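Below is one structure, written out as structure tokens; the observations come after it.
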Protein chains: 2
Amino acid sequence: MNTTAEPRKESASCPMDFILRMLMGPWTTYILYNLKTHGPQRFGELKRRVAGISAKMLTERLRTLEGAGLVRRDYEATIPPRVTYSLTSRGHELDDVLGYLAEIGTRWETEDAAQRSLQGAGLKAAE
Amino acid sequence: MNTTAEPRKESASCPMDFILRMLMGPWTTYILYNLKTHGPQRFGELKRRVAGISAKMLTERLRTLEGAGLVRRDYEATIPPRVTYSLTSRGHELDDVLGYLAEIGTRWETEDAAQRSLQGAGLKAAE
DNA sequence: GCCAGTAGGTACCAATTCGTAACTTGCAGG
DNA sequence: CCTGCAAGTTACGAATTGGTACCTACTGGC
């Protein structure tokens with residue numbers, strides 16, 4: 001292909017950057033988590049589950065995820081319209097990473113808790 | 001409004017959220033990547049490598065990472081002061097996940113490129 | 001004597017972002 | 001007839017955020 005000069009910026013960490021920019025969105029992980037654990041859902045269902053998100057945000061996040069090919073949007077033009085969102089195979093590829101992240105996060109949480117209880121036990125006057 | 005300390009937003013699926021909030025920062029992954037690949041570095045070195053980040057941002061990101069225990073800050077009060085940053089063991093735990101993410105990102109990029117070249121082959125007159 | 005460099009801190013400014021509220025279409029219920 | 005739900009879209013506004021410029025303290029070079 002172009003072994004010559006694609007003006008690739010020096011970002012060797014770029015593919016990761018793209019994917020992180022996706023997960024970065026404030027509610028993104030909640031949405032993915034819900035789609036994963038509760039299966040395909042309609043807009044209102046999802047909105048009720050995420051609890052706190054505004055319709056605008058949810059729409060925007062879903063569009064972004066759809067654009068990245070992580071979420072599929074099924075629109076049925078019935079009255080009232082029924083829009084169902086589900087994870088694509090790409091979306092499911094992320095499950096693993098998210099699970100991994102959650103694992104690390106949980107481990108750290110546990111370690112921190114242990115650390116705090118150790119300090120709480122003896123250090124009241126130490127500092 | 002609320003005179004009592006309202007416990008901010010409480011979320012059930014949170015351990016991952018914490019860790020993602022860390023990686024979310026605009027430059028965070030670049031910083032971690034550089035610390036990983038080039039080893040412990042001084043502030044100016046890091047700043048030159050990341051190329052484009054402002055001192056303010058870099059400082060703030062490093063403080064956040066330090067606070068989370070991912071990065072260690074060694075301050076030697078020489079003249080001029082020498083401050084060296086390095087990954088902690090926790091920081092290295094993230095290497096795996098970031099590598100995993102980069103892998104997925106790269107794979108998707110490749111797939112997308114293949115997709116585009118397939119379309120490019122036949123659709124020149126289609127639009 | 002002045003400037004550059006090291007490792008930042010602070011003030012201010014512009015841009016982005018997220019939430020709230022109002023509007024959309026078509027039908028069902030009171 | 002009016003309201004509400006479905007799944008949004010749009011307008012407006014407030015808050016956060018990231019960049020730029022300027023400040024520190026100290027020393028070595030010209």
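In what follows, chains carry the letters A, B, and so on, assigned in the order in which the sequence lines appear, proteins first and then strands, with residues in each chain numbered from 1. Please read these numbers as outputs of a predicted model, since none were measured by experiment.
Taking 4.5 Å as the limit, some side-chain heavy atom of F43(B) sits within range of a side-chain heavy atom of T59(B). Between L94(B) and L23(B) the shortest side-chain heavy-atom distance falls below 4.5 Å. A 4.5 Å side-chain heavy-atom check between I104(B) and Y100(B) finds at least one atom pair inside the cut-off. Residues Q41(B) and N34(B) form a side-chain contact, since some pair of their non-hydrogen atoms from C-beta on lies under 4.5 Å apart. Considering only heavy atoms from C-beta on, L46(A) comes within 4.5 Å of L58(A) through its side chain. Proximity of R73(B) to L62(B): side-chain heavy atoms (C-beta onward) are nowhere separated by under 4.5 Å.
Using a 4.0 Å cut-off between charged nitrogen and carboxylate oxygen, D112(B) and R90(A) count as a salt-bridge pair.
Between the side chain of T88(B) and the backbone N or O of L70(B) there is at least one donor-acceptor pair closer than 3.5 Å.
Put simply, CZ on R82(A) is 16 Å from C1' on dG26(C), counting in whole angstrom units. Atom pair Y75(B):OH and dT6(C):P shows a separation of 14 Å (rounding to whole Å applied). Rounded to whole Å, atom P of dA7(C) lies 10 Å from atom CD of E76(B).
For W27(B), no side-chain nitrogen or oxygen approaches OP1 or OP2 of dT17(D) to under 4.0 Å.
Proximity of residues 53-69 of chain B to DNA chain D (heavy atom under 4.0 angstrom from any strand atom) is restricted to S54(B), K56(B), M57(B). Listed by residue number, R42(B), F43(B), G44(B), R48(B) are the residues of residues 42-51 of chain B with a heavy-atom contact under 4.0 Å to DNA chain C.
Closest to the side chain of Y85(B), out of dG8(C), dA7(D), dG18(D), is dG8(C).
Both G52(A) and P80(A) lie close to DNA chain C; mapped to their nearest nucleotides by heavy-atom distance, the more 5′-ward contact belongs to G52(A).
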